[in-house]
J.: 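What follows is a structure written as structure tokens; I'll ask about it next.
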Protein chains: 2
Amino acid sequence: MARRISPQNPESRNTTDGRRVEQQAENHRRTRKAHLSEIAEDYVEVIAELIDSNGEARAVDIARRLGVTHVTVVKTIARLVREDLVSTKPYRSIFLTDAGRQLAEKARHRHQIVVRFLKSLGVSDAAANADAEGIEHHVSAETLQAFEQYCRRMNHE
Amino acid sequence: MARRISPQNPESRNTTDGRRVEQQAENHRRTRKAHLSEIAEDYVEVIAELIDSNGEARAVDIARRLGVTHVTVVKTIARLVREDLVSTKPYRSIFLTDAGRQLAEKARHRHQIVVRFLKSLGVSDAAANADAEGIEHHVSAETLQAFEQYCRRMNHE
DNA sequence: TATTATATGTAGCCTTCGCTACACATGTTG
DNA sequence: CAACATGTGTAGCGAAGGCTACATATAATA
Ligand SMILES: [Mn+2]
Ligand SMILES: [Mn+2]
Ligand SMILES: [Mn+2]
Ligand SMILES: [Mn+2]
């Protein structure tokens, strides 16, 4: 049983199939890579929100909003500093660099569109907000545009 | 500048705001948790595919489809064994447990719905397939239902 | 101002998912 | 069956994101 059709046996290794498999791998790689930027996006998004509403972003507030401890925030912020998305001074609050502000703006924009889209589809506010937090990071420009278009169509009728 | 309205100053700490912040934290926690199951879902999904098409799932094939090395596969499979989703014997291929099969079925189903939904929205095949790989893991039952409903509406007209 | 509450920072731990390098088992083929 | 190709396993590394415990700094207040 369990006859071996695959690896060493070329049967399932034709070019067509090989291309399909490579495409699948590429999609998974993209998704994994997206996950690396997810956290960065959520951080700068929350930081931008805090700066808007409070005038500044402090580690405890970021921690509270992300549901992690302040230690985790401090460590992650260190990475974001390395990546030139935020800047800090000891015992002072956290600032966005130009790149960080830009990323935050993009993230916020996308977040809003995804939420609006889900609501337009008939999803409840609670579920829309919850799901958007994950979905937002995996939406390509093309898909985002489709979401926007759908919202527009819904409103203009 | 940068007046301090937040932490030690109660101004932005009323109950309403506090609840909103707690909700936001909960959404982020959910998303993080979802990420832990993402990889498990992708693995069992790919394993199920391979068993269907090849009669068995081997580490190299899983690796090829996920775009990682076989070492990563072996290590992750070890975790899935601990979690009772798959089983292995040394130098033999990889099998799904009942729980694994069940999860794979759910993952495949969801994956298909998300892809169909995106295509129905007008997204290209390439983008739909790529984006679905990430989106699928962040779609609640409610949202999935909304996706299905939309597809049905599109077909029945 | 002294005390207390809150915020920030640091040390050190864990887990997961990646990788390379190399050893060993199994399958294929001359 | 011997040689070679392919698959599997293991050792050991790194980066990230979590955490607790504890030290230090800053802010609020008695
Ligand atoms: Mn998010
Ligand atoms: Mn967001
Ligand atoms: Mn996936
Ligand atoms: Mn999938």
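The sequence lines fix the lettering, A, B, ..., with proteins before strands; numbering per chain opens at 1.
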J.: Indicate the ring-plane relationship of F147(B) and F117(B), choosing parallel, tilted or perpendicular according to the 30° and 60° boundaries.
T.: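 Parallel: the ring planes of F147(B) and F117(B) meet at under 30°.
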
J.: With a 4.0 Å cutoff (strictly under), does any side-chain N or O of T72(A) reach OP1 or OP2 of dG17(D)?
T.: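 Indeed not, no polar side-chain atom of T72(A) lies that close.
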
J.: Rounded to whole Å, please give me the gap between CD1 in I77(B) and P in dG18(C).
T.: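 About 12 Å, once rounded to whole Å.
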
J.: Separation of E56(A) atom CD from dT6(C) atom P, in whole Å?
T.: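 In whole Å, dT6(C) P lies 17 Å from E56(A) CD.
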
J.: Is it true that, when you exclude Q145(A) itself, more than 12 heavy atoms of the residues, nucleotides or ligands shown sit nearer than 6.0 Å to its CD?
T.: no

J.: Can you tell me how far CZ of R82(B) sits from CD1 of I77(B), rounded to the nearest 0.5 angstrom?
T.: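 It is 11.5 Å, given to the nearest 0.5 Å.
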
J.: Starting from C1' on dG17(D), measure out to CD on E38(A) and report it in whole angstrom.
T.: 13 Å

J.: Decide whether D98(A) and Q102(A) meet the rule of one side-chain donor and one side-chain acceptor closer than 3.5 Å.
T.: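 Distance-only check fails for D98(A) and Q102(A).
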
J.: When the distance from CZ of R64(B) to C1' of dT6(D) is rounded to whole Å, what number comes out?
T.: 11 Å

J.: How many whole angstroms separate atom NE2 of H70(B) from atom C1' of dT20(C)?
T.: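 So the two atoms are 11 Å apart, to the nearest Å.
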
J.: Distance check: side-chain N/O of R79(B) vs OP1/OP2 of dT16(C), anything under 4.0 Å?
T.: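 Indeed not, no polar side-chain atom of R79(B) lies that close.
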
J.: Between atom CZ in R92(B) and atom C1' in dG9(D), what is the gap in whole Å?
T.: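 Distance, rounded to whole Å: 15 Å.
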
J.: Taking for each residue the nucleotide of DNA chain D with the nearest heavy atom, is it K89(B) or T69(A) whose nucleotide lies nearer the 5' end?
T.: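 Result of the comparison: K89(B).
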
J.: For DNA chain C, whose closest nucleotide is more 5', that of V71(A) or that of P90(B)?
T.: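 Its nearest nucleotide lies further toward 5', so the answer is V71(A).
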
J.: As a test of understanding, state which of L85(A), L80(A), L96(A) forms a side chain to side chain contact (heavy atoms under 4.5 Å, CB included) with L103(A).
T.: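 Passing option: L85(A).
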
J.: Expressed in angstrom and rounded to an integer, what is the separation of K75(B) atom NZ from dA15(D) atom C1'?
T.: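 Distance, rounded to whole Å: 12 Å.
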
J.: Please state whether the phosphate of dT16(C), meaning OP1 or OP2, lies under 4.0 angstrom from any side-chain nitrogen or oxygen of R82(B).
T.: yes

J.: Can you check the I39(A) CD1 to dA15(D) C1' distance for me, whole Å?
T.: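 So the CD1-C1' distance, I39(A) to dA15(D), works out to 12 Å.
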
J.: Tell me what R29(A) touches on the nucleic acid: a base, only sugar-phosphate, or nothing, going by heavy atoms under 4.0 Å.
T.: nothing

J.: How do Y91(A) and H35(B) order along DNA chain C: which one's closest nucleotide is nearer the 5' end?
T.: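 On the 5' side of the pair lies Y91(A).
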
J.: Output yes when at least one side-chain N/O atom of R32(B) is less than 4.0 Å from OP1 or OP2 of dG18(D), else no.
T.: yes

J.: So, is R58(B) close to the dT8(D) phosphate, meaning a side-chain N or O under 4.0 Å from OP1 or OP2?
T.: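 Result: yes.
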
